[in-house]
Amino acid sequence: MTSRPPGGERLSSGGSGFIVSRAGDVLTNHHVVDGCREVRMLHNGHQSWRPLSRRTRQPILRLPEPVADSALVRGDNPIKPGEAVVVVGFPLQGLLSSQASVTAGIISRLAGPRDDPHQLQVTAPVQPGNSGSPPLDASGAVAGVVVAKLNALRFVKRTGAIPENVNFAVNGQYARALLDRSGVPYQTATADEALSTPAIAERALKFTVLVQCFR
C-alpha cells in the first residue's frame, strides 16, 4: 500500500468509520476528516481515494461502489445504562495489526464530559484510531459513534488517580439526525434479539472501514 495519495500529500492521522448504506456511505467523526486534502478508505482489502475540501464539515464519505453489507442503526429505543456494547475499529494504526480490533464493555453513563447530553460514556477500551468506530448494542445495531477517550495523563496530574476505561461516543440519536439531514438512506434495526459477541463482531467487520487522512 502506498503512503501517499495521488496528489502527493502525506499521511497525517487515521481513524475508523462504518458503512451506513448499501450505496457505500461511510460515517465517521468530523475530527477524523477535518483539514484533510485526501482521504483513503480501506474496506475488505480494497482501497479508495477521495479528495476533500479543507472546510469539509460533514463526516460522511462515500465508497466508489455499492456494497453488500451495511450497518443497521438502532431505532427509537433509548440506550440504557448497563447495556452491553461491542466496539470494532482500527486503533493505533501502524503500531498494531492492520486488521480491525474488537473490544467489549457497557454503557456506563448517558452523558459525556461536563454532562454533555450528546455523548455516552462507555467502558469498552478504545485507543487513538478508534474514533469513528461503531459501538454496537447486543443485537448488533449501531448505538453511536466513538469519539474520544479520557486523557489519562492529564487526569493523573489533576487527581493522582489513573482512570480506567473512561471513553466516550456520540449518542446514536444524534448520529441518526445527521444522517437524516444529509439524506443518507440508512436502515434501522427492527429486531432486538441478543447476539453473541463473536456474532456481532463477524457482522461488524464487514462494514467497518479504516479511514486515513492526508494533508
Ignoring hydrogens and angles, tell me if any N or O in the side chain of [X] forms a donor-acceptor pair with the backbone of [Y] under 3.5 Å.
| X | Y | value |
| --- | --- | --- |
| Asn167 | Ala124 | yes |
| His118 | Ala111 | no |
| Ser70 | Ile19 | no |
| Ser108 | Gln121 | yes |
| Ser16 | Gly129 | yes |
| Asn29 | Val146 | yes |
| Ser139 | Glu193 | no |
| Asn171 | Gln173 | yes |
| Arg40 | Gln47 | no |

State plainly whether one hydrophobic cluster holds both [X] and [Y], where clusters connect Ile, Leu, Val, Met, Phe, Trp and Tyr through side-chain heavy atoms under 4.5 angstrom apart.
| X | Y | answer |
| --- | --- | --- |
| Val166 | Ile106 | no |
| Val73 | Leu205 | yes |
| Leu72 | Leu63 | no |
| Val184 | Met41 | yes |

Query raised in the report: Can you list the steps and then say if Leu61 with Val209 is a side chain to side chain contact (heavy atoms under 4.5 Å, CB included)?
Result: CA-CA 11 Å; Leu61 307 170; Val209 176; over 6 Å; no
Any side-chain heavy-atom pair of [X] and [Y] under 4.5 Å:
| X | Y | answer |
| --- | --- | --- |
| His31 | Val147 | yes |
| Arg203 | Leu136 | no |
| Val26 | Phe207 | no |
| Phe90 | Val211 | no |
| Pro134 | Thr208 | yes |
| Pro185 | Asp25 | yes |
| Thr103 | Pro91 | no |
| Val88 | Ile200 | no |

**Report entry** Whichever hydrophobic residues join Ile79 through chains of side-chain contacts under 4.5 Å
**Finding:**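 Answer for Ile79: Val85, Ile107, Leu110, Leu120, Val122.
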Where [X] and [Y] come nearest, the two heavy atoms and their spacing:
| X | Y | result |
| --- | --- | --- |
| Ala23 | Arg62 | O-CD, 3.4 Å |
| Pro125 | Asn130 | O-OD1, 4.5 Å |
| Leu210 | Gly15 | CD1-O, 3.7 Å |
| Glu202 | Lys206 | O-CG, 3.6 Å |
| Phe214 | Leu11 | CD2-N, 3.2 Å |
| Val33 | Pro59 | CG2-CA, 4.3 Å |

Report task. Inspect the surroundings of CG in Asp116 and state if more than 12 heavy atoms from other residues, nucleotides or ligands are less than 6.0 Å away. Result ->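 Counting neighbours around CG of Asp116, more than 12 heavy atoms of other residues, nucleotides or ligands fall under 6.0 Å, so yes.
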Requested in this report: Could you tell me whether Asp180 atom CG has more than 12 heavy atoms of other residues or ligands within 6.0 Å of it?
Outcome: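 Atom CG in Asp180 is crowded, with more than 12 foreign heavy atoms closer than 6.0 Å.
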Requested in this report: Given side chain to side chain contact (heavy atoms under 4.5 Å, CB included), test Leu179 with Val20 step by step and report yes or no.
Outcome: CA-CA 9 Å; Leu179 296 175; Val20 290; 4.1 Å; yes
Query raised in the report: At what distance, to the nearest 0.5 angstrom, does CZ of Arg215 lie from CZ of Arg10?
Result: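 Arg215 CZ to Arg10 CZ: 14.5 Å, rounded to 0.5 Å.
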Query - Cys36 side, atom SG; Gln212 side, atom CD - distance, nearest 0.5 Å - result: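 Cys36 atom SG to Gln212 atom CD measures 10.5 Å (nearest 0.5 Å).
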**Report entry** Residues forming a salt bridge (Lys or Arg N to Asp or Glu O under 4.0 Å) with Arg22, sequence neighbours excluded
**Finding:**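 Expected list: none.
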**Report entry** Summary of salt bridge (charged side-chain N to carboxylate O under 4.0 Å, His left out) pairs that have at least one residue in residues 126-137, sequence neighbours excluded
**Finding:**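 Residue pairs passing salt bridge (charged side-chain N to carboxylate O under 4.0 Å, His left out), neighbours aside: Arg74-Asp137.
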